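Structure record follows, encoded as structure tokens.
Everything quoted here is computed from the prediction, not taken from an experiment. Counting starts at 1 for both ligands and their atoms, following the listed order.
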Amino acid sequence: MNDPNCIFCKIVRGEIPAKKIHDDAEVIAFHDIRPQAPVHFLVIPKAHVATLYDAGPEHVAALGKMLAIAGRLAREAGAAEGFRTIINTGPVGHQEVYHVHMHVLGGPDPLGPMLSRKR
Ligand code: AMP
Ligand code: ZN
């Protein structure tokens, strides 16, 4: 449920600071510390789930809520004309933090292509 060494669990527990924009019983959302777009925040389940490979029926409510609140939070953060959601999983997906998180990226201008081509 809660991993003592996980950086996002520490944010959930309030042990390290984050610019939170949402907090309820199941999920929190906070601004990414290294934004890659004018709007860039993360939505995470409060329960520790390392990757989407580890998600199961017990996580359906939190994972569903992450999607269900993304639009409102994006609009409130300034992305009113669209945004992109990304969940990176494992080494192939370049996942850096092993606590499931959904990136929400947007801004006034259109984003770049969905994937940069590998050379
Ligand atoms: P990913 O590559 O999908 O695992 O992305 C991890 C994201 O977490 C990156 O965009 C980081 O900038 C972000 N991140 C790491 N530590 C923090 C933190 N303490 N507060 C907010 N965002 C963070
Ligand atoms: Zn965690």
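The two residues H40 and R34 come nearest to each other via the heavy atoms ND1-O, 4.0 Å. Closest of all the heavy-atom pairs between I11 and A18 is CG2-CB, 3.7 Å. Taking both residues in full, the closest heavy atoms of L73 and A29 are given as CD1-CB, 3.7 Å, listed atom of the first, atom of the second, then distance. Taking both residues in full, the closest heavy atoms of A37 and L105 are given as CB-CD2, 4.0 Å, listed atom of the first, atom of the second, then distance. Nearest heavy-atom pair, G90 versus Q95, reported as atom, atom and distance to 0.1 Å: N-OE1, 2.8 Å.
At a 3.5 angstrom cut-off on N or O pairs, E96 counts as close to ligand 1. Checking only distances, F30 never comes within under 3.5 Å of ligand 1, N or O to N or O. Inclusion of V97 in the set of residues having an N or O under 3.5 Å from an N or O of ligand 1 is warranted.
The aromatic rings of H31 and F41 sit perpendicular to each other, their planes meeting at more than 60°, with 30° as the lower class boundary.
The single protein non-hydrogen atom nearest to atom 23 (C) of ligand 1 is I33 CG2, 3.5 Å, given as residue, atom name and distance. Residue, atom and distance of the protein heavy atom nearest to atom 1 (P) of ligand 1 are H101 NE2, 3.1 Å. Among protein heavy atoms, atom 11 (C) of ligand 1 sits closest to D32 OD1, 3.4 Å. Closest to atom 16 (N) of ligand 1, if we only count protein heavy atoms, is I7 CD1, 4.0 Å.
Under 4.0 Å from ligand 1, the heavy atoms of L42 that appear belong solely to its side chain. Counting heavy atoms closer than 4.0 Å to ligand 1, residue H103 contributes side-chain atoms (C-beta onward) but none from N, CA, C or O. Under 4.0 angstrom from ligand 1, the non-hydrogen atoms of H94 all belong to its backbone.
Between M66 and V100, some side-chain heavy-atom pair lies under the 4.5 Å cut-off. Using a 4.5 Å heavy-atom threshold, the side chains of H22 and V27 count as touching. Taking 4.5 Å as the limit, every side-chain heavy atom of D3 sits out of range of all side-chain heavy atoms of F8.
Residue R34 approaches ligand 1 through these ligand atoms, each under 4.0 Å from one of its heavy atoms: 12 (O). Of all atoms in ligand 1, listed by their number and element, those nearer than 4.0 Å to a heavy atom of Q95 are 4 (O). Per-residue contacts place H31 under 4.0 angstrom from the following atoms of ligand 1 (heavy atoms of the residue considered): 21 (C). Atom numbering of ligand 1 starts at 1 in the shown order; those under 4.0 Å from a heavy atom of N88 are 1 (P), 2 (O), 3 (O).
A salt bridge links K46 with D23; the closest basic N to acidic carboxylate O contact falls under 4.0 Å.
Rounded to 10°, the angle formed at the Zn ion (ligand 2) by ND1 of H48 and ND1 of H99 is 110°. Considering the Zn ion (ligand 2) as centre, the angle to SG of C9 and to SG of C6 is 120° (10° rounding).
Aromatic rings of H99 and H101 (six-membered ring for Trp) have centroids beyond the 6.0 Å cut-off, not under it.
At least one heavy atom of F8 sits less than 4.0 Å from an atom of ligand 1.
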